[in-house]
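I have placed the structure first, in the form of structure tokens, so that the comments after it can refer back to it.
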Amino acid sequence: MDDKHILARARRGELDAFEELVRRYEKRVYVIALRSSGNPEDAADITQEVFLRAWRSIENFRGDSGFSTWLFRITMNICVDHARHRQTQPQTTTLTTEDDEERPIHDTAPTPEEQLDNKELGRELAAALAEISEEHRRIVLLRDVSGMSYSEIAEILEISEGTVKSRLARARIALRRILLQRGNILPLAPSNHEKGGETHE
């Protein structure tokens with residue numbers, strides 16, 4: 001059954017229908033929250049808040065956009081609110097997801113030094129995300145973390161695709177600059193393809 005039919009049931013107050021929507025989107029919301037907060041516990045709290053807010057507002061959802069667009073817009077808003085409250089606090093956790101843990105294990109295990117380097121990079125990435133602007137953080141989370149298309153991001157943020165590409169390029173440059181200042185290198189320089197978008201903010 002597609003989202004539209006499940007959503008219609010959920011808007012009538014059918015909790016089991018809404019729970020099905022949660023099952024479909026919970027993991028993607030959690031991954032965005034984890035990358036944004038850098039903390040599994042905070043990510044779980046953000047995810048819970050996203051669906052709680054969605055449930056409370058679902059009767060007022062007009063359907064001008066798809067349910068996923070509406071849900072990820074809520075996710076972005078809550079992630080930004082959370083980042084505002086924690087912007088001055090250092091990140092102490094690595095950026096991992098369930099997908100990362102489920103990837104095939106290489107024959108050669110990382111050395112303790114390599115493990116330490118990965119943890120340090122995770123902390124630096126989380127700290128760097130907290131330092132860039134809200135609009136740039138949203139773009140990185142939607143594109144590089146959630147893997148959404150330019151058109152999907154444009155709909156969620158209500159901007160043009162050209163602006164998405166331009167803003168993403170600037171966001172990646174900002175992240176790279178921050179990490180370079182911290183003594184790290186982030187391989188997120190904009191590609192030639194992404195440089196071809198519009199130049200407005």
Side-chain angles (χ1 to χ4, degrees), residues 1-11 15 17-87 95-100 125-126 129-130 132-172 174-175 188 194 197 201:
M1 187 178 297
D2 60 25
D3 286 357
K4 184 176 181 180
H5 290 87
I6 298 175
L7 179 61
R9 292 174 50 209
R11 292 183 65 185
L15 186 57
F18 185 76
E19 288 174 346
E20 174 60 29
L21 293 172
V22 173
R23 283 191 290 271
R24 292 187 179 194
Y25 291 100
E26 184 176 22
K27 188 173 183 179
R28 291 181 70 185
V29 169
Y30 176 80
V31 168
I32 293 174
L34 179 60
R35 296 290 184 174
S36 176
S37 66
N39 184 300
E41 293 182 0
D42 289 343
D45 289 342
I46 291 171
T47 302
Q48 183 176 8
E49 177 62 24
V50 167
F51 286 104
L52 180 60
R53 189 175 299 183
W55 174 245
R56 288 173 174 172
S57 306
I58 200 164
E59 290 184 3
N60 299 322
F61 175 57
R62 295 176 299 176
D64 296 337
S65 60
F67 174 77
S68 61
T69 299
W70 179 68
L71 183 67
F72 289 123
R73 197 172 289 154
I74 293 173
T75 303
M76 287 295 98
N77 291 336
I78 293 178
C79 284
V80 167
D81 289 343
H82 182 270
R84 285 174 183 161
H85 292 303
R86 295 199 49 169
Q87 194 151 6
L95 296 179
T96 59
T97 67
E98 293 179 7
D99 284 343
D100 294 330
L125 284 169
L129 278 172
I132 62 177
S133 68
E134 291 179 7
E135 65 178 23
H136 287 168
R137 188 183 305 118
R138 291 169 188 259
I139 290 286
V140 170
L141 290 173
L142 291 173
R143 177 64 178 176
D144 292 330
V145 174
S146 189
M148 294 183 188
S149 67
Y150 294 128
S151 60
E152 288 174 321
I153 298 171
E155 185 177 7
I156 289 171
L157 300 183
E158 298 178 304
I159 57 178
S160 70
E161 289 188 39
T163 300
V164 171
K165 295 175 183 179
S166 175
R167 200 170 288 177
L168 178 63
R170 291 191 178 97
R172 288 170 169 172
L175 280 175
L188 287 178
E194 288 162 348
E201 286 292 334

Worked check of side-chain hydrogen bond (donor to acceptor under 3.5 Å, both in side chains) between Ser166 and Thr163: CA-CA 5 Å; Ser166 175; Thr163 300; over 6 Å; no
How long is the span from the [atom1] atom in [X] to the [atom2] atom in [Y], to the nearest 0.5 Å?
| X | Y | atom1 | atom2 | result |
| --- | --- | --- | --- | --- |
| Thr69 | Glu155 | OG1 | CD | 3.5 Å |
| Ile159 | Tyr150 | CD1 | OH | 12.0 Å |
| Leu175 | Arg170 | CG | CZ | 14.5 Å |
| Asp45 | Asn39 | CG | CG | 8.5 Å |

Glu134 atom CD, over 12 foreign heavy atoms within 6.0 Å: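 Atom CD in Glu134 is crowded, with more than 12 foreign heavy atoms closer than 6.0 Å.
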Arg56 atom CZ, over 12 foreign heavy atoms within 6.0 Å: no
Residue pair Asp144, Arg35: steps toward the salt bridge (charged side-chain N to carboxylate O under 4.0 Å, His left out) verdict: CA-CA 10 Å; Asp144 292 330; Arg35 296 290 184 174; over 6 Å; no
For the student: nearest non-hydrogen atoms of [X] and [Y], plus distance:
| X | Y | result |
| --- | --- | --- |
| Ile132 | Ala174 | CG2-CB, 4.0 Å |
| Ala44 | Tyr30 | N-CE1, 3.8 Å |
| Phe18 | Trp55 | CG-CE3, 3.4 Å |
| Ile156 | Arg73 | O-NE, 2.7 Å |
| Val31 | Val145 | CG1-CG1, 3.6 Å |
| Ala43 | Ser37 | N-OG, 3.7 Å |

Could you tell me whether a side-chain N or O of [X] sits under 3.5 Å from a main-chain N or O of [Y], the two making a donor and an acceptor?
| X | Y | value |
| --- | --- | --- |
| Arg137 | Ala130 | yes |
| Ser146 | Met148 | no |
| Ser57 | Arg53 | yes |
| Asn77 | Val80 | no |

Qualifying residues under salt bridge (Lys or Arg N to Asp or Glu O under 4.0 Å), relative to Arg24, sequence neighbours excluded: Asp3, Glu20
Any residue meeting salt bridge (Lys or Arg N to Asp or Glu O under 4.0 Å) with Glu26, in chain and number order, not counting sequence neighbours: none
Identified side chain to side chain contact (heavy atoms under 4.5 Å, CB included) partner of Phe51 from the options Thr75, Val22, Leu21: Val22
Among Ile74, Ile46, Leu129, Val29, the one residue meeting side chain to side chain contact (heavy atoms under 4.5 Å, CB included) with Cys79: Ile46
Worked check of salt bridge (charged side-chain N to carboxylate O under 4.0 Å, His left out) between Lys165 and Glu161: CA-CA 6 Å; Lys165 295 175 183 179; Glu161 289 188 39; 5.1 Å; no
Beyond-backbone contact of Met76 with Ile32, side-chain heavy atoms, under 4.5 angstrom: yes
Beyond-backbone contact of Arg138 with Ile153, side-chain heavy atoms, under 4.5 angstrom: no
Evaluation steps, side chain to side chain contact (heavy atoms under 4.5 Å, CB included), between Arg172 and Arg143: CA-CA 11 Å; Arg172 288 170 169 172; Arg143 177 64 178 176; 4.1 Å; yes
Results of side chain to side chain contact (heavy atoms under 4.5 Å, CB included) for Arg9 - residues two or more places apart only: Met1, Arg12, Glu14, Asp16, Ala17
Ring-face cation of Arg28 near Phe72 (centre distance under 6.0 Å, axis angle within 45°):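 No.
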